[in-house]
Number of protein chains: 2
Amino acid sequence: MNNNEPKMCDCTVIHVDVVERVKGEMPEEKKMYDLAELFKSLSDQTRLKILFALSKNEMCVCDIAALLGMSQSAISHQLRVLRNTRLVKYQKSGKVVYYTLDDNHVNAIFKQGLDHVAHK
Amino acid sequence: MNNNEPKMCDCTVIHVDVVERVKGEMPEEKKMYDLAELFKSLSDQTRLKILFALSKNEMCVCDIAALLGMSQSAISHQLRVLRNTRLVKYQKSGKVVYYTLDDNHVNAIFKQGLDHVAHK
DNA sequence: ATAATATATGAATAATTGTTCATATGTTTA
DNA sequence: TAAACATATGAACAATTATTCATATATTAT
C-alpha cells in the first residue's frame with residue numbers, strides 16, 4: 001500500500017468516484033459561508049420570537065422588549081444580528097424605530113422549519 | 001408617574017394593544033426551542049457541506065471526511081448533531097455506515113436559504 | 001484468536017455568542 | 001437650552017460549541 005500520498009483524513013476513502021463528483025458540484029465557499037450566517041441568525045430563540053412577532057405586526061424596540069420580558073439592550077443587540085442578515089428592516093419615526101420583516105422569504109423559511117419540527 | 005409596577009424592560013411600552021395581541025399568538029416555548037435547535041443544526045458550514053453532499057449522494061463517514069478534508073472524528077461528531085435534529089438518517093452495511101438526508105424537508109429549507117442569500 | 005478497519009464518543013481546549021452594564025447618540029418636549 | 005426618552009453600542013463575562021486527541025466498539029479479514 002502506498003503511504004506517500006497526503007492523507008486528507010485518518011481513514012480510507014471508500015468511494016473515490018462519488019467523492020470526486022460531489023466535490024465538483026459543491027457550491028463555492030462564500031455561498032456556504034453566507035448560508036451558515038443566515039441559519040446562525042435563525043438559531044436563537046430570542047431572535048426567532050422577534051421574527052415571529054414581526055410577522056404579526058410592525059413593532060418598535062420597546063414593544064419587543066416588553067413582549068419578551070427582556071432588556072432593551074438585549075433586544076437591540078439581537079436586532080442588529082437580524083439586520084446584518086437582512087431578515088428585518090426598519091423605519092424611523094421620530095425617536096421610535098419600527099422594525100418589520102425584510103421580505104416573505106423569512107416567513108417561508110420559518111414555516112418550512114416549523115413543518116420539520118412538527119413532523120415527528 | 002407610578003414606579004411601583006414591575007418593569008419588564010428599561011423603556012416604556014408604546015403600543016400596549018399590539019404587544020398584548022401578539023403575546024397571545026406567540027407559539028409555545030417548546031416549539032420555539034425545537035425550531036431554534038433545528039436552525040442551530042444548520043448554522044455551521046461543515047454541517048451544511050455535509051447536507052449538500054448527502055443531497056447529491058448517499059455517503060459513508062470516510063468519504064465525507066475525505067470530501068471535506070477533515071478528520072473522521074470531526075465528521076462523526078457533526079453527524080451526531082444532524083442525527084439529533086433528524087436531518088440525516090443512516091444505514092449500516094458491515095462496518096460501513098451510509099448516511100442520507102432524512103427527508104426532502106431538508107432540501108426545501110436548504111433551497112429557501114440559498115434563495116435568500118442569493119437575493120442580494 | 002488476532003490484526004485491521006470504520007465509526008463513535010468522552011475530555012480538553014480554543015473560539016464564538018447572548019446578555020448585562022454603562023454609556024453614547026439622536027429626537028422630542030418643557 | 002435642559003431634561004426626558006428611544007435606541008444603539010463597546011466591554012466584560014458566562015455559556016455554548018467545533019475540533020482535536022485518545023480511546024472504545026463493532027465488524028471483517030487473516
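Every chain is numbered from 1, with letters handed out A, B, ... down the list of sequences.
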### Task
State whether A:Ser71 places a side-chain N or O below 4.0 Å from either non-bridging phosphate oxygen (OP1 or OP2) of C:dT19.
no
[X] has an atom [atom1]; how far is it from atom [atom2] of [N], in whole Å?
X	N	atom1	atom2	result
A:Gln78	C:dT20	CD	C1'	13 Å
A:Ile75	C:dT19	CD1	P	8 Å
A:Asp63	D:dC5	CG	P	16 Å
B:Ile50	D:dA18	CD1	C1'	12 Å
B:Gln45	D:dT17	CD	C1'	15 Å
A:Ile64	C:dT19	CD1	P	14 Å
B:Leu68	D:dT20	CG	P	12 Å

All N/O donor-acceptor pairs, side-chain side in residues 52-60 of chain A, below 3.5 Å, sequence neighbours left out:
unit_1, atom_1, unit_2, atom_2, d
A:Ser55, OG, A:Phe52, O, 2.6

May I have the list of side-chain donor-acceptor pairs in residues 40-48 of chain B shorter than 3.5 Å, sequence neighbours left out?
unit_1, atom_1, unit_2, atom_2, d
B:Lys40, NZ, B:Glu37, OE2, 3.2
B:Ser41, OG, B:Thr85, OG1, 2.7
B:Ser43, OG, B:Lys40, O, 2.6
B:Asp44, OD2, B:Thr46, N, 3.0
B:Asp44, OD2, B:Arg47, N, 3.1
B:Arg47, NE, B:Ser41, O, 2.7
B:Arg47, NH1, B:Gln78, OE1, 2.8
B:Arg47, NH2, B:Lys40, O, 3.0

Restricting to nitrogen or oxygen on both sides, can you table the protein-nucleotides 8-10 of chain C pairs closer than 3.5 Å?
unit_1, atom_1, unit_2, atom_2, d
C:dA8, OP1, B:Tyr99, OH, 2.8
C:dA8, OP2, B:Ser76, OG, 2.9
C:dA8, N7, B:Gln72, NE2, 2.9
C:dA8, N6, B:Gln72, OE1, 3.4
C:dT9, OP2, B:Arg83, NH2, 3.4
C:dT9, O4, B:Ser73, OG, 2.6
C:dG10, O6, B:His77, NE2, 2.8

### Message
Taking transitive links into account, so neighbours of neighbours count too, which hydrophobic residues share a cluster with A:Val81 at under 4.5 Å side-chain distance?
### Response
none
### Task
Scan residues 35-44 of chain B against DNA chain C and write down, sorted by residue number, each residue with any heavy atom closer than 4.0 Å; if none is found, say none.
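Residues of residues 35-44 of chain B that come under 4.0 Å of DNA chain C do not exist, since none gets that close.
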### Query
What pairs of residues pass the ring pair (Phe, Tyr, Trp, His ring centres under 6.0 Å) test when at least one of them lies in residues 56-79 of chain A, not counting sequence neighbours?
none
### Message
Test: side chain to side chain donor-acceptor pair (under 3.5 Å). Region: residues 17-27 of chain A. Which pairs qualify, not counting sequence neighbours?
### Response
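Non-adjacent pairs meeting side chain to side chain donor-acceptor pair (under 3.5 Å): A:Arg21-A:Glu25.
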### Query
Hey, does A:Leu101 have a side-chain heavy atom less than 4.5 Å from the side chain of A:Leu87?
no
### Query
Quick one: does B:Lys89's side chain get under 4.5 Å of B:Tyr99's, heavy atoms only?
no
Test ring pair (Phe, Tyr, Trp, His ring centres under 6.0 Å) applied to [X] - qualifying residues, sequence neighbours left out:
X	answer
A:Tyr33	none
B:Phe110	none
A:His15	B:Tyr98

### Task
Give every residue pair that meets the salt bridge (charged side-chain N to carboxylate O under 4.0 Å, His left out) criterion with at least one member in residues 94-106 of chain A, sequence neighbours excluded.
none
Could you run down the sub-3.5 Å N/O contacts of the protein with nucleotides 27-30 of chain C?
none

